[in-house]
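In what follows, a structure is listed as structure tokens, so that the remarks can point back to it.
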Amino acid sequence: MEVRVANVRKEFERFPALHDVSLDIKSGELIALLGPSGSGKTTLLRLIAGLERPTRGKIFFGDEDASQKSIQERNVGFVFQHYALFRHMTVADNIGFGLKVRHGPSRPPAQEIRRRASELLDLVQLSGLEKRYPAQLSGGQRQRVALARAMAIEPKVLLLDEPFGALDAQVRRELRRWLREIHDRTGHTTVFVTHDQEEALELADRVVVMSQGRIEQVGTADDIYDTPNSPFVYGFIGESNALPVKVENGEIWLADRPIGLAAPHAPEGDATLYFRPHDVELLDGCSGCIAGTVAASRRVAGTRRVELEIGGQRQRVEIELPVGHPAAQKSRVAFRPGRWKLFPAA
Amino acid sequence: MADPEIKSYEPYHESRSAAVTESRPAQAVLMAIAFAFLGIFLLLPLIIVFHEALAKGIGAYTQALVEPDARSAIHLTLLVAAISVPLNVVFGISAAWAIAKFEFKGKAFLTTLIDLPFSVSPVISGLVYVLLFGAQGLLGGWLKMHGIQILFAVPGIVLATVFVTFPFVARELIPLMQEQGNGDEEAALSLGANGWQTFWYVTLPNIKWGLLYGVLLCNARAMGEFGAVSVVSGHIRGLTNTMPLHVEILYNEYNAVGAFAVASLLAGLALVTLVLKTLLEMRYGAELAATRGH
């Protein structure tokens with residue numbers, strides 16, 4: 001099922017949580033809403049679900065306008081951050097709940113509901129736990145029961161709010177892989193909310209980066225990481241350096257020296273240069289480069305991070321070198337950013 | 001797949017260091033004070049009630065309970081409780097739902113209002129009904145014209161009892177529902193349940209022990225209420241006398257056995273309530289712990 005969010009605005013007591021957000025989600029896609037807290041990602045998810053109504057704008061499921069439909073009519077599977085399992089019901093009753101509350105001929109007989117519940121428990125690899133109560137399960141198991149319960153109603157769209165937020169790191173990684181497998185097998189259009197960029201980049205087909213109630217960028221993990229389109233995305237995803245520079249005659253100048261980067265289409269004047277620490281080209285001599293004195297050097301996993309002080313302003317930037325690279329031993333290093341972007345000075 | 005993060009939710013036992021442990025004599029004194037106090041002010045009166053009730057033998061005791069006025073008082077008390085407790089269950093759940101589950105203007109005001117009967121003397125709440133429904137009262141003329149008798153009749157007694165008992169259920173449920181939040185209800189709705197199914201299958205089971213606890217306290221108060229009921233009842237023997245009022249009348253007539261016999265029933269109710277309350281607290285505590293386990 002395709003989902004289209006068209007110019008949606010949402011206010012809570014006149015305080016805007018989302019400004020004019022539009023998003024197309026393709027059928028069968030696994031998409032992540034990524035952003036810091038307060039970015040509106042959970043609000044967007046709840047709007048798609050029908051747990052909230054938009055102040056303005058529309059939400060389409062396929063060609064159908066779902067904006068004014070209730071959550072029951074939308075037929076979405078929602079997995080809550082804290083799972084919201086019914087604590088007085090067994091695992092099987094939790095999973096079967098959505099079928100049990102149906103009316104008339106669409107309600108399967110009790111035996112069929114039990115069979116469906118067992119089937120779904122197999123799918124989430126919890127066979128044999130039908131009679132347990134939620135309090136008797138671990139966090140990871142509850143998470144999987146919550147997913148099975150959401151899938152029991154054969155939803156058009158699967159929505160997950162911080163699905164791994166309450167779990168510890170190891171279980172998290174395991175469940176991440178497992179969710180991807182389930183998605184590939186069942187093919188549900190799936191949207192999940194996370195504040196963990198690693199999770200979003202690793203798991204999702206496309207990532208929606210959000211900040212302050214707006215969508216900053218939508219793209220694959222590669223798009224988002226390699227070509228961020230705003231200072232926010234540069235700062236929020238991965239590591240980045242920001243240097244105050246000047247554009248003159250189509251060239252970028254740092255203080256009084258050109259750094260060998262051409263920016264023919266950039267407006268003249270002050271600007272900020274963004275680049276990633278690992279995306280640099282080391283140089284020997286320096287005619288048209290950025291040069292700095294080594295202030296600190298740290299070993300981080302497979303690479304060496306070198307902190308440089310640049311120019312009279314003692315601006316600090318960080319670059320990444322291969323371990324054992326001779327430059328790391330020097331007191332002065334010259335480089336030029338490989339991939340970079342200019343934004344108007346803040 | 002193994003889950004390494006299984007947690008246990010065993011209660012945390014705090015071990016006290018030797019430095020803050022009182023000396024044995026100090027412990028003994030503290031305990032003696034507590035027990036002596038409870039003995040004199042609670043246990044002794046209870047024993048006296050049963051002792052006085054049975055002073056002239058078991059025959060006189062049962063006689064005092066089966067005489068028509070006593071039976072009428074017991075009957076009326078049960079009737080009043082049977083009406084006011086369900087009313088307060090409905091009110092308590094609605095008020096708790098409104099306060100805990102959504103935002104609206106005047107919420108703080110409603111919360112304060114619910115506590116009003118606790119801060120107002122019951123006699124005054126009775127008096128308010130007299131001023132409202134009495135012959136000279138605000139609605140007195142209108143009621144008389146339509147031949148409706150509220151004061152000095154069962155409706156007045158029920159109204160006064162509902163007034164003094166309405167905080168019990170609501171106050172029990174509000175913190176419970178606030179703690180539980182909206183998550184379970186949203187989950188039920190997202191799975192296609194309608195409002196009624198959500199209430200019946202999800203909300204009610206989540207609050208059942210708290211509700212029962214509130215009902216128990218509400219019932220004990222409804223049967224034992226004296227002040228407010230005394231003002232509106234008119235003390236008509238065999239008609240508008242509840243058990244507490246009947247005890248007073250008998251006692252004023254120097255019928256000690258009769259008074260204490262009826263009083264022993266109320267004391268019995270108190271004891272049963274206490275036992276049930278303790279059992280519920282044990283059960284309810286476990287339930288709350290399970291809630292926190294989520």
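Below, chains carry the letters A, B, ... as their sequence lines are ordered, and counting in each starts from 1.
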CG of B:Asn206 to NE2 of A:His88, rounded to nearest 0.5 Å, is 6.0 Å
Residues of residues 186-198 of chain B with a heavy atom under 4.5 Å from any heavy atom of chain A, in residue-number order, are B:Glu186, B:Ala187, B:Ala188, B:Leu189, B:Ser190, B:Leu191, B:Gly192, B:Ala193, B:Asn194, B:Gln197
Please indicate whether A:Arg56 has more than 12 foreign heavy atoms, meaning atoms of other residues, nucleotides or ligands, lying under 6.0 Å from its CZ. no
So for atom CZ, which belongs to A:Phe12, do other residues, nucleotides or ligands contribute more than 12 heavy atoms lying within a distance under 6.0 Å?
yes
Neighbour count >12 (heavy atoms, 6.0 Å) for atom CZ, A:Phe15 = no
| Got a sec: does the CG of A:Asp63 have more than 12 other heavy atoms crowding it under 6.0 Å? | no
Surrounding NZ of B:Lys101 (heavy atoms of other residues, nucleotides or ligands, distance under 6.0 Å), is the total greater than 12?
yes
When rounded to the nearest 0.5 Å, the distance separating CE of A:Met89 from OH of B:Tyr201 is 8.5 Å
Strictly distance-based, threshold 3.5 Å: is any side-chain N or O of A:His82 a donor or acceptor partner for the main-chain N or O of B:Gly183? no
Ranking A:Ile71, A:Leu159, A:Leu99 by heavy-atom pairs under 4.5 Å to chain B gives rank one to A:Ile71
Bottom line for A:Arg74: the part with an atom under 4.5 Å from chain B's heavy atoms is neither
Counting only heavy atoms not in B:Phe109, do more than 12 sit closer than 6.0 Å to its CZ atom?
-> no
**Prompt:** Would a 4.5 Å heavy-atom cut-off, applied to side chains only, mark A:Phe80 and B:Asp184 as touching?
**Reply:** no
Check residues 158-165 of chain B and write down every donor-acceptor pair under 3.5 Å in which the side-chain atom is one partner and the other belongs to a residue at least two apart or another chain.
| from | atom 1 | to | atom 2 | distance (Å) |
| --- | --- | --- | --- | --- |
| B:Thr161 | OG1 | B:Ile157 | O | 2.7 |
| B:Thr165 | OG1 | B:Asn88 | ND2 | 2.7 |
| B:Thr165 | OG1 | B:Thr161 | O | 2.7 |
| B:Thr165 | OG1 | B:Val162 | O | 3.4 |

